[in-house]
Amino acid sequence: MSDGPADLPTHAGAAAGRYMASVLARLLYRVRVTGGQNVPLRGPVILAPNHTGFLDAPLLMGTCPRPVHTLAKKELFRGPLGWVLHGVGQIPLDRDDPSRGLVKAGLGVLQAGRVLVVFPEGTRGAGDFAELRTGLAWFALRSGAPVVPVVFSGTGSRGRTLGSMPGLRSRVEVVFGRPVTLPTGGGRTRSALDAATEQLREALVAHREAVASRSEEKQ
């Protein structure tokens, strides 16, 4: 049976990637997942995680209740790593010049009722959702898919080197928030897209602050 149109990443590849990432994550780290029930078990879903370290994407792949297709920077899709990423159903992204093919692949994943991961900040940073690119809102408005906020804890300090990753057997946590659904058919004007981006930013920041507050209470 086909996984879908030929130009889409395969669901089977994403499912295999989820299995491999799950095994590796639990071998290397002490992983805790909270709020997994907030991810709808059927239909299109967009995950919107904060992004501070190298571990974020593979950790999310291994802990999400469903296989995911992640928009990842095209520089990663080179050599053996690129072959692996393509094989597990991930999508290369040119952050400076998103192509029509990329848009088609991302929307195609959602139209096929799968899970698309969009890092709303666009790159690793403070992970505080202070500034969002408009791509997240664009996909949400065009597809009607709910957006599930995701916050990582313990995945490493801000940094662009492997040395910023957490040590082996460190405790890491993935917290899925409540879905946010935007009205469909909007976003065809810049002002509407900006308004939707701000609505999502507020929801993502609120989720991050709630996670931070719970962490402080446990200490």
Side-chain angles (χ1 to χ4, degrees), residues 2-31 33 45-110 112 114-127 133 135-136 139 150-170 172-174:
S2 171
D3 284 304
D7 56 347
L8 291 185
T10 68
H11 181 269
R18 177 177 178 268
Y19 174 76
M20 291 185 290
S22 176
V23 171
L24 285 173
R26 286 169 171 79
L27 282 175
L28 299 176
Y29 302 101
R30 293 179 294 155
V31 180
V33 180
V45 178
I46 302 173
L47 300 183
N50 67 339
H51 197 16
T52 60
F54 284 100
L55 187 60
D56 298 338
L59 182 62
L60 182 56
M61 182 187 299
T63 56
C64 181
R66 297 170 59 185
V68 305
H69 302 277
T70 303
L71 296 177
K73 64 180 182 179
K74 67 175 185 178
E75 290 81 3
L76 294 175
F77 290 77
R78 296 172 180 168
L81 178 58
W83 181 86
V84 171
L85 291 175
H86 279 296
V88 296
Q90 309 313 296
I91 305 171
L93 166 66
D94 185 339
R95 292 175 296 187
D96 297 320
D97 184 25
S99 67
R100 182 174 299 178
L102 166 69
V103 170
K104 185 177 180 182
L107 281 180
V109 161
L110 295 170
R114 305 186 206 165
V115 181
L116 181 69
V117 178
V118 180
F119 285 98
E121 297 165 292
T123 187
R124 290 188 302 275
R133 298 194 176 194
L136 173 63
F139 278 112
V150 185
V151 168
F152 301 104
S153 176
T155 57
S157 58
R158 178 177 181 174
R160 298 180 180 276
T161 66
L162 292 176
S164 65
M165 292 181 63
L168 294 180
R169 303 308 300 165
S170 296
V172 295
E173 185 174 12
V174 186

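Residues: numbered from 1 along the sequence shown. Everything quoted here is computed from the prediction, not taken from an experiment.
Closest approach of Pro58 and Ala21 over heavy atoms only: O-CB, 3.5 Å. Closest approach of Ser22 to Gly62, counting heavy atoms only: CB-O, 3.3 Å. Here the shortest heavy-atom pairing between Tyr29 and Val172 reads CB-CG2, 3.9 Å. When all heavy atoms of Arg18 and Pro65 are compared, the closest pair comes out as NH2-O, 3.4 Å. Across all non-hydrogen atoms, the minimal contact from Leu60 to Pro49 is CD2-CG, 3.7 Å. For the pair Leu8 and Ala105, the tightest heavy-atom approach, listed with the atom from each and the gap, is CD2-O, 3.6 Å.
Using a 4.5 Å heavy-atom cutoff, the side chains of Glu121 and Asn50 are in contact. Here the side chains of Phe119 and Leu136 are not in contact, with every heavy-atom distance at 4.5 Å or above. Side-chain contact between His86 and Pro92: present, with at least one pair of heavy atoms (C-beta onward) separated by less than 4.5 Å. Looking only at side-chain heavy atoms (C-beta outward), Thr63 and Val31 come within less than 4.5 Å of each other. Residues Leu47 and Val118 are not in side-chain contact: their nearest non-hydrogen atoms beyond the backbone lie 4.5 Å or more apart. When side chains are defined from C-beta on, Val88 counts as touching Met20, because their heavy atoms get closer than 4.5 Å. Counting heavy atoms from C-beta outward, Leu116 and Leu71 have side chains that approach closer than 4.5 Å.
To the nearest 0.5 Å, atoms CZ (Arg26) and CZ (Arg30) are separated by 14.0 Å. Between the CG atom of Leu59 and the SG atom of Cys64 there is a distance of 11.0 Å, given to the nearest 0.5 Å. In this structure, the separation between NZ on Lys74 and CG on Leu93 is 9.5 Å, given to the nearest 0.5 Å.
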Leu81 and Trp83: CA distance, side-chain angles, deciding distance, side chain to side chain contact (heavy atoms under 4.5 Å, CB included) verdict
CA-CA 5 Å; Leu81 178 58; Trp83 181 86; over 6 Å; no

Full working for side chain to side chain contact (heavy atoms under 4.5 Å, CB included) between Val109 and Val115
CA-CA 7 Å; Val109 161; Val115 181; over 6 Å; no

May I have the step-by-step check of side chain to side chain contact (heavy atoms under 4.5 Å, CB included) for Arg169 and Leu28, ending in yes or no?
CA-CA 5 Å; Arg169 303 308 300 165; Leu28 299 176; 5.8 Å; no

For Glu173 and Phe152: C-alpha separation, side-chain torsions, deciding distance, then whether side chain to side chain contact (heavy atoms under 4.5 Å, CB included) applies.
CA-CA 6 Å; Glu173 185 174 12; Phe152 301 104; over 6 Å; no

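Defined by atom type and a distance below 3.5 Å, a donor-acceptor pair is present between the side-chain atoms of His69 and Arg114.
Side-chain N or O atoms of Gln90 include one that pairs as donor or acceptor with a backbone N or O of Val68 at under 3.5 Å.
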